[in-house]
Amino acid sequence: MIFTSIFKLRKPEGTDPVDIADINGNMDIIEMALNSRPEKTGNASEMTAIFSEEKEVKVLVPGETLRTSLGKIAGLVTDYISFKKEVGEGSGAVSEALGGLKFGQDANGNWGYILPDTTEVIPFGRGESNWNGEIENADWVKVSSGVYSSFTRAVFRNGYLAAITADGTVVYTTDGENWKKSRPEYQDCSLTDIDWDGGRFLLTGSYTDGTGKTAGLILTTDDWMKYRKISVENSTDSETDYDTEYCAVYPANGKYVIVAKHKKTDISYHYIYVYVGDLENEWTEKKQLSVSSFLKSIQSVKIVKNSAEMLMCVNYSYNPGTSLQWSSNVYKINDSGAVTWITEERSGQTPQIHVLECRDVLYYYSTSSAVKYKLVKVLASNEQVTVSTDQNYAFADAVYFNEDEIFINAHSMLTVKKGESISDKTVADLVEIAPEDTMTCITRAFGRPYIFGNRGLVMKPV
């Protein structure tokens, strides 16, 4: 722990734990210092910060001598509120603060961030865990999202809780209660993934282009109202050789890792490609995933991410000459785009392998293995550790919240509390919370978990 030279603000170093008490103490010191500032508009006598005053919001724009201190505080609070991966306290995961952040006070005098291009203040601490009930005993209420399509993925970043639907609609909220929606204006738009690179949101999917073919789509947005289409020149692109869908985007180290379905020349089936680049110039790396000699048709691509890697499951159907067979291949993709094959399972019936992430750990769940029903942890070393067998959980997603690991399937939830192990759990520990609906994904926002599902379903605990 180090201190700033003027105000003696506490600044954690490296892997120092981030303590909210330190942040609150820093805020108190800053508020006292600001209270003694000149009341007239102009330069403060002893600080190179310029203050402006409005009716609804008092704005402080840091100057050079305050930039370092306030930037450090902004980074800590921003990380605590919305940018930190769900890796648990004391993990050392820290995200850089956004450039251009502005601070202000709301009508109640609470200090916080000012949303871009508005006067609305998001108070500090809004992203803290302020719901202290027992998750497994919670009453889950439905929140009106304003849409009736099925959700596929949701994120909480930059003060926005945003989710995408199967038909290409985006819904978002800044308080967890009032939802807005938008839809990118692209024909037959379908969205597959949503992420945040520290300055903008990114979405992947597909659309029908001007020639009538289905093509991959990458979009960026700052406010969910205006979208910019990203077009990356690919030297192999032609009328018969092109990306038909972008399945996921992973921002890392100033670069982007993109997973794509790619149609090869004069071949009716697709390959999976992994690209690396800056989203402006041609891909710096392109890797085609190998498949067996049998012709294969991609049925689905499922991808989850942690702070360093992605875990992907590709489900294929193929015909070896006798009857239709099914194959599920699981791969690891790191933040540099390197691909490692993890496992393959084949079956005469549709295989059911799903990937999920919880507390920065990657898992795959299988119902088609020789040992029926198994949950496998895939470590950073690529070692596979089976943590549960013979339990038909059918997990769809997971989240880490209040030191609990929360796993959901279509209708039920399994809670693994601190000190417990999922290997000791059984299906009898599942708690049904959505008997008439289907849950698809879960994330943490505004101090509580939110569940998304089919037909516009959004639920939160009360």
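Any value given below was found using the heavy atoms of this structure, including those in side chains, with hydrogens, waters and symmetry copies removed. Given the structure is predicted, the values throughout are model-derived calculations rather than measurements.
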NZ/NE/NH1/NH2 to OD/OE distance under 4.0 Å, [X] and [Y]:
{"X": "Glu405", "Y": "Lys418", "answer": "no"}
{"X": "Asp222", "Y": "Arg200", "answer": "no"}
{"X": "Lys226", "Y": "Asp223", "answer": "no"}
{"X": "Lys263", "Y": "Asp241", "answer": "no"}
{"X": "Lys305", "Y": "Asp193", "answer": "yes"}
{"X": "Asp195", "Y": "Arg157", "answer": "no"}
{"X": "Glu280", "Y": "Arg228", "answer": "yes"}

May I ask you to decide if [Y]'s main-chain N or O and [X]'s side chain share a donor-acceptor pair within less than 3.5 Å?
{"X": "Asn306", "Y": "Val361", "result": "no"}
{"X": "Asp167", "Y": "Thr169", "result": "yes"}
{"X": "Tyr148", "Y": "Asn454", "result": "no"}
{"X": "Thr440", "Y": "Phe151", "result": "yes"}
{"X": "Asp243", "Y": "Gly216", "result": "no"}

Check the pair Tyr250, Glu309 against side chain to side chain donor-acceptor pair (under 3.5 Å), reporting the backbone distance first and the verdict last. CA-CA 9 Å; Tyr250 191 100; Glu309 298 173 304; over 6 Å; no

Using the test side-chain hydrogen bond (donor to acceptor under 3.5 Å, both in side chains), find all partners of Thr426 that sit at least two apart in sequence or belong to another chain. none

Residues forming a salt bridge (charged side-chain N to carboxylate O under 4.0 Å, His left out) with Asp335, sequence neighbours excluded: none

Should the pair [X] and [Y] be assigned to parallel (<30°), tilted (30 to 60°) or perpendicular (>60°) ring geometry?
{"X": "Trp283", "Y": "Tyr275", "value": "parallel"}
{"X": "Tyr160", "Y": "Trp224", "value": "perpendicular"}
{"X": "Tyr365", "Y": "Tyr373", "value": "parallel"}

Assess whether salt bridge (charged side-chain N to carboxylate O under 4.0 Å, His left out) is satisfied between Lys377 and Glu383, documenting all intermediate values. CA-CA 8 Å; Lys377 181 187 300 184; Glu383 179 185 357; over 6 Å; no

Test log, rule side-chain contact (heavy atoms from CB on, under 4.5 Å), inputs Tyr207 and Thr214: CA-CA 6 Å; Tyr207 75 113; Thr214 300; over 6 Å; no

Check the pair Lys417, Glu134 against salt bridge (charged side-chain N to carboxylate O under 4.0 Å, His left out), reporting the backbone distance first and the verdict last. CA-CA 10 Å; Lys417 305 186 76 65; Glu134 295 290 335; 3.0 Å; yes

Distance-only side-chain donor-acceptor flag, Glu344 / Ser327, under 3.5 Å: yes

Go through it in stages, so that I can follow the logic: the residues are Phe407 and Leu356, the test is side-chain contact (heavy atoms from CB on, under 4.5 Å), and I'd like the CA-CA distance, side-chain angles, deciding distance and then a yes or no. CA-CA 9 Å; Phe407 299 83; Leu356 55 151; 3.6 Å; yes

Between Ser423 and Ser388, is the side-chain contact (heavy atoms from CB on, under 4.5 Å) condition met? List the steps. CA-CA 5 Å; Ser423 61; Ser388 176; 5.6 Å; no

Before giving the answer on side-chain contact (heavy atoms from CB on, under 4.5 Å), spell out for Leu414 and Ile406 the whole-Å C-alpha distance, their side-chain angles and the decisive distance to 0.1 Å. CA-CA 6 Å; Leu414 178 69; Ile406 305 170; over 6 Å; no

Contacts of Thr386 meeting side-chain contact (heavy atoms from CB on, under 4.5 Å) (sequence neighbours excluded), chain-then-number -> Lys374, Val376, Thr389

Aromatic centroids of Phe156 and Phe446 separated by under 6.0 Å: yes

